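One-based numbering along the sequence shown. If you're wondering where the values come from, they're calculated on a predicted model, not measured in any experiment. Just the heavy atoms: all of them, side chains too, but no hydrogens, waters or symmetry mates, feed the values below.
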Amino acid sequence: MDAQFVNNLQILLQEISGASSTEAIQKATTALNQQFYSTAACVPALLTIAKDNGNSAVRQLAAVELRKRIAKFWDELDDSVQQQMREAVLKAIVDEASDPVRHSMARVISSIAKVDIPNRKWDNLVQFLYECCQSPTPSHREIGIYVLDSLFETIADTMEAHLGHLFILFKTLINDPESLVVQVTTLEALGKVADFIEPENRDEVSNYQALVPSMVQVLQKCLATDNEVYASRCFEVFNSLLILEAPLLNRHFGELIEFSINVGSNEELDDKLRIMALNFLSWTATYKRGRLQKLKIVKPLIEKMLPITAQEDPEDIDEDSPSRVALRVLNVLSTSFPPQQVFPTVISHVLSYMQSPDPMLRKGAMLSLAIIIEGCVDYTRSQAGDIVTLVCAGLGDPDERVRRASCMALSCIADELDDEIASYHEKLLPLIFNLMNEGSMVIVKYAVNALDCILESIGDPIVGYLPQLMERLVVLLDSGAMEIKPIALSAIGSAAHSSGEEFAPYFDAVISRVKQAMALTGDDEVMALRGVATDMAGTLAEAAGKDAFHPHLEETVQLALQGMESDSSLMRESGYCYFGVISRVFKEEFSKYIQFIAPQLLKTLRMDETVQFGFDLEETNEGEMAGAGGDEDDDDDSENLPFNVNTAVADEKEVAADAAGELFANATEGFLPYVEDIAKELVELLGHYSDTARKSAVVALFAFIRTFNAMSKPEPWKPGVPLRVPIDDNTMSMIKVVLPALLQVWEDEDDKLVVIQICTELRLIMKDVGPAVTIDCK
């Protein structure tokens, strides 16, 4: 080995390890890629540095860089060099004192094994690891199990052949008397082993089930020592076991539920640990419904969650807490089980809690009632009056926390039981108006939000409330806190929608404020107001009608287009909503604007939703200087790049798909130049990970078929094939694009609502187009 080559490489790694600026790192990285990482000689050189350098940070960085280059260069090395490296890396990991360096070295071993083991080389590796795992030295056992665990990520098929021996080994390691590291890593390895166990293999299932009590004891030890990191890793394994087909937890399922309930209920534990246990219960309700029913745990589980909902919450609404996760468990139970198994238990406690002198119990009662309504809509419809009575009591409660929770409850209930709740407007609206006049802006915000939900369905009775309603909402819009203004504007939109022509006296005052808000720039709160204003412009157009809104059309269209040019998914979503609605009002007159909107639709539908980072998160979390020396051609490293799915973009695509169907249906001729390209993107959207995006794509594609058919002014179709009434070429072409893709989605789709939408659309399109839909669709 060239000593100068090793020395120069070492100098660059030291520079990166001690660098204080991005510029220095980039400069050294460029030198590494150009001078060292283009040749196989870097592999033994990096190992030399990883085992011999005096600085642990440099050793770890060298090990990381070595792992990245194994796949590319290992086969280029002479057999003798490979053998020397195998022996050296095993000795180095045993001698290494630093945990982060040992972990990175373990990944080097795993990367070499990924190449060697399938080629029947390095036959003594597994035996070496067995010996490490049985060593009297804890650090050696830690090394052995860590490498075994990492091998399941690289040569899983080979490791599967050793399951019998591994179960015997893991039985010892999971009960290691000296090292919690060994126990937790063994538990994680068992999580990977679980993926290979088939439900019909009773021996392996039984062997695994026998280890579950010991796995739980490891988790208990992590909790007892407040070791959040290890507890999180343990819970991740248990969560993953819930979604497997093999019944690995069944023998001890009741005990696991009881254990998680006790942890989640224990206020002496750190909230983060309690949240993990409660999340496990949420996963259980999602993936093991049958088991919960068989063990008759649903009612006891509800009864244990309800007291937790009465505990304090953090001010940040996005921050998890035990009470919020307990509410999440109740929500999953309500949507996963028949309502008669959930609602009676909850409502009996709600009634009891509402009589309590403890305001936190009353708060928990209102939130629990709100959270279960989604899954109990039809069951509770006949009890709307009793529910309203409870909510009214909460709205008038002397404690602000209860009033706020009651507003939240009313919003949720009004969303689900809209017509029923709106019919009680005489009882509810005076209470809401009182809350809107409170000094607490938090209460005002939640009260206005509840008002918005009621107004959407109130209908004609709204006329009697309009003067008082508009007076208060306009004041909030003009001078309220910025966080309240979007909600107030949305409530005005709901009032306009419900009142229709009766809103005319307020139209001019509102549209001027809407246009002003559509031109705002600023922080997220300001842009949220602008988004609501853009959306509401369409609502006003529908409420006021084409003639009244026409003087404002050009200005609002331009403001919406300007908003869509900003770097904001929210503004583009709002713009699509506005254009979809406004096209319904103005029909073909709106066609002249399609040339500006359609390109933006295509841009949205083609947006990439993943962001990749050039470092290994798992190793970086161990404290290494990762990310330096990246090699664009390093295929092995690319396998470890994490990605982040941008859900804002997914939401934007969903709204864009909805708008595409509306725009073509209403603008017709003006949309034709863009139909083919947009239809292609909508077909791609059928395979999206988001069920709501897939559903919107289904609706839009059928709208395209329906619009082409309507534009052709067809004769009424007649039953039977071959077709007795010819069909337009454009319609048939779109059918041939849409139907094969839809049928494939239908076959593979696992979301109930998407399947229902496909069936609904098929029924409607067959009613419109007739038997042509069934031709050439395979």
Side-chain angles (χ1 to χ4, degrees), residues 1-3 5-17 28-29 31-78 80-96 98-117 121-122 125 143 146-147 150-151 153-155 614-616 618-620 622-641:
M1 189 186 307
D2 186 340
F5 182 92
V6 175
N7 186 58
N8 292 339
L9 173 57
Q10 187 166 240
I11 290 171
L12 285 173
L13 293 177
Q14 288 170 337
E15 288 179 6
I16 291 173
S17 177
T29 296
L32 285 169
N33 286 332
Q34 293 176 350
Q35 300 172 29
F36 296 94
Y37 294 162
S38 58
T39 171
C42 71
V43 173
L46 284 167
L47 178 57
T48 298
I49 298 167
K51 64 187 183 66
D52 295 339
N53 191 276
N55 186 325
S56 63
V58 175
R59 294 200 305 277
Q60 187 184 12
L61 179 57
V64 172
E65 296 301 306
L66 172 58
R67 177 190 62 80
K68 295 176 180 179
R69 270 132 204 107
I70 292 296
K72 184 174 182 179
F73 292 122
W74 185 252
D75 286 338
E76 296 183 22
L77 300 174
D78 292 340
S80 59
V81 175
Q82 289 181 354
Q83 184 57 32
Q84 290 171 8
M85 288 190 64
R86 293 185 193 106
E87 295 171 0
V89 74
L90 294 181
K91 183 178 187 303
I93 196 171
V94 171
D95 294 342
E96 178 59 57
S98 165
D99 283 342
V101 179
R102 281 207 303 267
H103 288 170
S104 296
M105 280 288 202
R107 291 182 171 273
V108 171
I109 293 171
S110 182
S111 296
I112 296 173
K114 184 177 181 180
V115 181
D116 274 358
I117 300 297
K121 297 181 179 179
W122 213 358
L125 174 61
I143 291 167
Y146 189 88
V147 178
S150 65
L151 289 179
E153 299 172 4
T154 55
I155 53 168
F615 53 83
D616 188 319
E618 183 171 349
E619 291 186 307
T620 302
E622 292 165 5
E624 73 179 58
M625 191 70 181
D631 187 341
E632 294 178 359
D633 298 323
D634 185 359
D635 292 335
D636 181 62
D637 187 40
S638 67
E639 294 178 3
N640 295 294
L641 289 177

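- Every salt bridge (Lys or Arg N to Asp or Glu O under 4.0 Å) that Arg102 has, sequence neighbours left out, goes to Asp99, Glu142.
- A distance of 11.0 Å separates CG of Leu12 from CD of Glu65, quoted to the nearest 0.5 Å.
- Each of Leu66, Leu46, Leu13, Asn55 was evaluated against Leu61; a single residue qualifies, Leu13, per the side chain to side chain contact (heavy atoms under 4.5 Å, CB included) test.
- Atom CD1 of Ile109 is separated from atom CG of Asp116 by 12.0 Å, given to the nearest 0.5 angstrom.
- Distance check: Lys72 NZ to Cys42 SG gives 8.5 Å after rounding to the nearest 0.5 Å.
- Side-chain N/O atoms of Gln10 and Gln14 include no donor and acceptor closer than 3.5 Å.
- Summarising the geometry, atom NZ belonging to Lys121 is positioned 6.0 Å from atom CZ belonging to Arg86; distances are rounded to the nearest 0.5 Å.
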### Message
Run the side chain to side chain contact (heavy atoms under 4.5 Å, CB included) test on Ile93 and Val147 for me, step by step, so that the C-alpha distance in whole Å, both residues' side-chain angles and the decisive distance to 0.1 Å come before the verdict.
### Response
CA-CA 10 Å; Ile93 196 171; Val147 178; 4.0 Å; yes
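- Proximity of a side-chain donor or acceptor of Arg59 to a complementary backbone N or O of Asn53 within less than 3.5 Å is detected.
- Heavy atoms only, all atoms of each residue included: Ala50 and Glu96 are closest at O-OE1, 4.4 Å.
- With sequence neighbours left out, the salt bridge (Lys or Arg N to Asp or Glu O under 4.0 Å) criterion links Lys91 to Asp95.
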### Message
Would Met85 and Leu77 count as a side chain to side chain contact (heavy atoms under 4.5 Å, CB included) here? Give the steps.
### Response
CA-CA 10 Å; Met85 288 190 64; Leu77 300 174; 3.9 Å; yes
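- Across Leu47 and Met105, no two heavy atoms sit closer than the pair CD1-CE, 4.2 Å.
- Shown here for Ser56 and Val101, the closest heavy-atom pair between the two residues is O-CG2, 3.4 Å.
- Between Leu151 and Ala113, the shortest heavy-atom contact is CD2-CB, 3.6 Å.
- Taking CD1 from Ile49 and CD from Gln60, the interatomic distance works out to 14.5 Å, rounded to the nearest 0.5 Å.
- The backbone N or O of Arg107 lies less than 3.5 Å from no partner atom in the side chain of Ser110, so there is not a single donor-acceptor pair.
- With rounding to the nearest 0.5 angstrom, the CG atom of Leu90 is 5.0 Å from the CH2 atom of Trp122.
- A 4.5 Å side-chain heavy-atom check between Thr29 and Asn33 finds at least one atom pair inside the cut-off.
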